[in-house]
Amino acid sequence: MTTVETTDQSLIADAVRDFARKKLAPGYLERAKSSTFPWDLHRAVAELGIYGLLAGDEYNPLDQEDFVAAVQAVEELAYADFNMANVAIPVLLMSSLLQQHATDTVKREWIPQLVSGDAYVAFGLTEPETGSDAANIRTTARAVDGGYVITGEKTSVTILANASSILLAARTIRGGVDVGVSTFLVPLDASGTVKSTVADTGWAIMGRGVLHLDGVEIPAENLLGVEGKAFSRLLNGFDFTRPLLALTGIGAAQASIDETARYVASRTAFGSQLSKFEGVSFPLAEHLTKLEAARLVCYSALDKRNRGLPHTAEAAMAKWYGPLVASAAVKECLLLHGNYGYSQELPFEQRLRDVMSVEIADGTAQIQKIIIMRERYGLDFVPYTKKSRS
């Protein structure tokens with residue numbers, strides 16, 4: 001490991017590693033080519049207790065909230081099955097947001113279902129017209145007696161097809177006045193909600209979708225936090241999920257390097273083991289070093305989160321650099337296996353398509369670089385107009 005572990009963190013990491021390599025790794029490739037969500041495995045992961053790590057004292061197997069333990073668990077899942085690791089991330093985020101900001105009624109209904117793996121809560125921020133410009137959200141929530149009426153569209157929603165509800169951001173209108181962006185929990189069986197799917201090249205078991213909302217009525221208790229004050233909560237959530245997403249790529253890349261090291265040590269060419277050629281061993285050494293550097297940035301960000309310190313820049317660094325080096329490492333491993341590596345019999349082509357997805361999710365590389373410069377050097381390095389920041 002790359003940080004000093006507590007006993008509890010070590011126990012959780014060991015338990016997840018043992019489960020993931022025995023139960024998840026053997027079926028990764030078959031599941032990755034299927035669009036069927038593996039509810040049985042999702043519930044089995046839940047039984048390890050990791051989905052409760054950020055859900056409050058009632059559900060947390062540890063004495064306190066521990067973001068490093070969560071990230072260790074996610075990396076161990078990703079080593080065995082990239083997609084199951086990415087299934088875990090929204091559960092951790094949603095349980096944390098609900099625990100901190102939801103009403104007691106919403107907490108009682110949804111947190112137990114989340115941490116047990118019996119239900120999924122999706123996350124809706126991105127919209128077709130705004131992309132990463134979340135300040136210009138167009139979905140509206142009109143305040144009415146007893147609640148809100150929501151109209152708009154959310155796109156690129158992970159696991160939408162299998163979600164029971166969605167936590168979404170909407171521009172809130174009260175008495176004809178725009179009071180800002182608020183966060184709402186919307187049941188997906190509500191009248192006026194329509195789902196459609198997006199065909200992706202990876203992430204098959206999760207899938208992405210588009211959600212259309214046409215006059216969807218929700219009660220006032222489904223508002224999370226203070227009306228018109230959603231951004232601080234949503235953006236703080238990204239500081240948590242970005243290092244986790246990076247580590248799913250890093251975990252998959254580490255598995256690829258380990259498999260390739262075993263392969264080249266067992267193969268011969270020109271009278272010698274492949275592993276003895278510098279053209280083979282040196283690239284692997286370079287990728288191992290870059291992966292370790294990226295891993296350290298991720299753990300540094302989550303360690304700061306554990307201690308209540310600012311970590312927005314580090315989270316963005318992790319999200320930019322981790323997927324970049326992970327994709328390059330998996331591609332190198334594919335090439336070192338030659339024609340066989342390019343086939344669908346080995347996991348490299350699937351991992352490459354999967355890992356590339358985290359170069360996009362939660363903001364592209366360009367967005368992360370803007371965040372890094374803004375956090376370190378201020379608004380002179382932010383290419384937004386005053387209007388778009390309002």
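- The closest side-chain heavy-atom distance from Leu125 to Phe238 is below 4.5 Å.
- Around atom CE of Met373, more than 12 heavy atoms belonging to other residues, nucleotides or ligands sit under 6.0 Å away.
- Put simply, the side chain of Lys107 gets close to the backbone of Gln99: a donor and an acceptor are under 3.5 Å apart.
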message: Go through it in stages, so that I can follow the logic: the residues are Leu97 and Thr183, the test is side-chain contact (heavy atoms from CB on, under 4.5 Å), and I'd like the CA-CA distance, side-chain angles, deciding distance and then a yes or no.
response: CA-CA 10 Å; Leu97 290 175; Thr183 312; over 6 Å; no

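- Taking each heavy atom of Ser182 and Gly228 in turn, the nearest pair found is OG-N, 2.6 Å.
- Distance alone, capped at 3.5 Å, places no donor-acceptor pair between the Gln9 side chain and the Val68 backbone.
- For Asp118, the CG atom sits in a packed shell: over 12 heavy atoms of surrounding residues, nucleotides or ligands are nearer than 6.0 Å.
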message: Please determine whether side-chain contact (heavy atoms from CB on, under 4.5 Å) holds for the pair Arg43 and Tyr51, giving the CA-CA distance in whole Å, both sets of side-chain angles, and the decisive distance to 0.1 Å.
response: CA-CA 10 Å; Arg43 294 186 182 97; Tyr51 290 161; over 6 Å; no

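- Side-chain contact check for Arg295 and Tyr299: no donor-acceptor pair (N or O, by modelled atom type) lies under 3.5 Å.
- The number of heavy-atom neighbours closer than 6.0 Å to CG of Asp40, taken from other residues, nucleotides and ligands shown, is above 12.
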- request: For side-chain contact (heavy atoms from CB on, under 4.5 Å), just list the numbers for Phe348 and Tyr340, CA-CA rounded to whole Å, side-chain angles, deciding distance to a tenth of an Å, and then say yes or no.
  value: CA-CA 10 Å; Phe348 304 109; Tyr340 195 33; over 6 Å; no

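- Looking at Thr158, its side chain never comes within 3.5 Å of a backbone N or O of Arg208 through a donor-acceptor pair.
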message: Does Asn60 form a side-chain hydrogen bond (donor to acceptor under 3.5 Å, both in side chains) with Gln64? I'd like the steps, not just the answer.
response: CA-CA 7 Å; Asn60 191 350; Gln64 61 184 6; over 6 Å; no

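- Residues Val280 and Leu335 fall into different hydrophobic clusters, defined by Ile, Leu, Val, Met, Phe, Trp and Tyr side chains chained together at heavy-atom separations under 4.5 Å.
- Distance CD1/Ile218 to CD1/Ile150: 3.5 Å, rounded to 0.5 Å.
- In the hydrophobic clustering of this structure, Leu48 groups with Leu114; members are Ile, Leu, Val, Met, Phe, Trp, Tyr whose side-chain heavy atoms approach within less than 4.5 Å, directly or through other members.
- Donor-acceptor pairing under 3.5 Å is lacking for the side chains of Ser34 and Glu30.
- Side-chain atoms of Asp81 do not come within 3.5 Å of backbone N or O of Ala25 as any donor-acceptor pair.
- There is a path of hydrophobic side-chain contacts, each under 4.5 Å, that joins Ile159 to Trp39.
- Between Lys319 and Asp362 there is no salt bridge, since no side-chain N of the basic residue sits under 4.0 Å from a carboxylate O of the acidic one.
- Counting heavy atoms from C-beta on, the side chains of Leu213 and Thr151 never come closer than 4.5 Å.
- In this pair, Phe381 and Tyr377 present their aromatic rings tilted. The plane angle is within the 30 to 60° band.
- Placement of Val264 and Leu334 in two distinct hydrophobic clusters is found when ILVMFWY residues are connected by side-chain heavy-atom separations under 4.5 Å, directly or transitively.
- Heavy-atom minimum distance, Ala313 versus Arg376: CB-NE, 3.8 Å.
- The closest donor-acceptor contact from the side chain of Ser256 to the backbone of Ala252 lies under 3.5 Å.
- No side-chain heavy atom of Gln344 sits less than 4.5 Å from a side-chain heavy atom of Gln350.
- Sparse packing is recorded around NZ of Lys276, with 12 or fewer heavy atoms of other residues, nucleotides or ligands lying under 6.0 Å away.
- Closest of all the heavy-atom pairs between Leu302 and Pro243 is CD2-CB, 3.0 Å.
- Counting heavy-atom neighbours within 6.0 Å of Phe277 CZ, excluding the residue itself, gives a total above 12.
- Gln273 contributes a side-chain N or O that, together with a main-chain N or O of Ala265, makes up a donor-acceptor pair within less than 3.5 Å.
- For the atom pair CG of Asn83 and OG of Ser357, the computed distance is 7.5 Å after rounding to the nearest 0.5 Å.
- A salt bridge between Arg171 and Asp178 is present, with a side-chain N of the basic residue lying under 4.0 Å from a carboxylate O of the acidic one.
- Between Arg353 and Glu359 there is no salt bridge, since no side-chain N of the basic residue sits under 4.0 Å from a carboxylate O of the acidic one.
- Using a cut-off of 4.0 Å between Lys/Arg side-chain N and Asp/Glu carboxylate O, Lys290 and Glu286 are scored as not salt-bridged.
- Atom CD1 of residue Ile257 and atom CD1 of residue Ile250 lie 12.0 Å apart, to the nearest 0.5 angstrom.
- Leu274 has its side chain out of reach of Leu336: every pair of non-hydrogen atoms, C-beta onward, lies at least 4.5 Å apart.
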task: Run the numbers on Lys195 and Leu188 for side-chain contact (heavy atoms from CB on, under 4.5 Å), then give the verdict.
output: CA-CA 9 Å; Lys195 303 177 185 179; Leu188 288 170; 3.9 Å; yes

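- Contact of the Tyr263 side chain with the Cys333 side chain is not registered, since no non-hydrogen atoms from C-beta on lie closer than 4.5 Å.
- Under the 3.5 Å distance criterion, the side-chain polar atoms of Glu127 are matched with a main-chain donor or acceptor of Thr139.
- Distance alone, capped at 3.5 Å, is enough to place a donor-acceptor pair between the Lys154 side chain and the Ala169 backbone.
- Glu227 places a side-chain heavy atom less than 4.5 Å from the side chain of Tyr148.
- Of the possible donor and acceptor atoms, none in the side chain of Asn222 sits under 3.5 Å from a partner among the backbone N and O of Val186.
- Taken from CD in Glu314 to CZ in Arg242, the straight-line distance is 13.0 Å, to the nearest 0.5 Å.
- At a threshold of 4.5 Å between non-hydrogen side-chain atoms, the residues Gln72 and Ile12 do not count as touching.
- Under the 4.5 Å side-chain heavy-atom criterion for ILVMFWY residues, a single connected hydrophobic cluster contains both Leu77 and Phe240.
- Side chain of Arg17 to main chain of Tyr79: no donor-acceptor pair is present (N/O by atom type, distance under 3.5 Å, no hydrogens or angles).
- At a threshold of 4.0 Å, the pair Glu76-Lys23 does not count as salt-bridged, since none of the basic side-chain nitrogens sits closer than that to a carboxylate oxygen.
- The two residues Ala46 and Gly117 have their closest heavy-atom pair at CB-N, 3.8 Å.
- Relative orientation of the His42 and Phe37 rings is perpendicular, given thresholds of 30° and 60° on the angle between their planes.
- Heavy atoms only, all atoms of each residue included: Leu92 and Val74 are closest at CD1-CG2, 3.9 Å.
- Counted within 6.0 Å of CZ on Arg31, heavy atoms from surrounding residues, nucleotides or ligands total more than 12; the atom is thus considered enclosed.
- A salt bridge does not link Arg351 to Asp354: none of the charged side-chain nitrogens sits closer than 4.0 Å to a carboxylate oxygen.
- The line from CG of Leu98 to CG of Leu93 is 9.0 Å long, rounded to the nearest 0.5 Å.
- Minimum interatomic distance between Thr140 and Ala170 (heavy atoms only, all atoms of both residues): C-CB, 4.0 Å.
- With salt bridges taken as basic N to acidic carboxylate O contacts below 4.0 Å, one links Arg307 and Asp303.
- Between Leu288 and Gln254, the closest side-chain pair of non-hydrogen atoms falls below 4.5 Å.
- If you take CG on Leu160 and OG on Ser196, they are separated by 8.0 Å, rounding to the nearest 0.5 Å.
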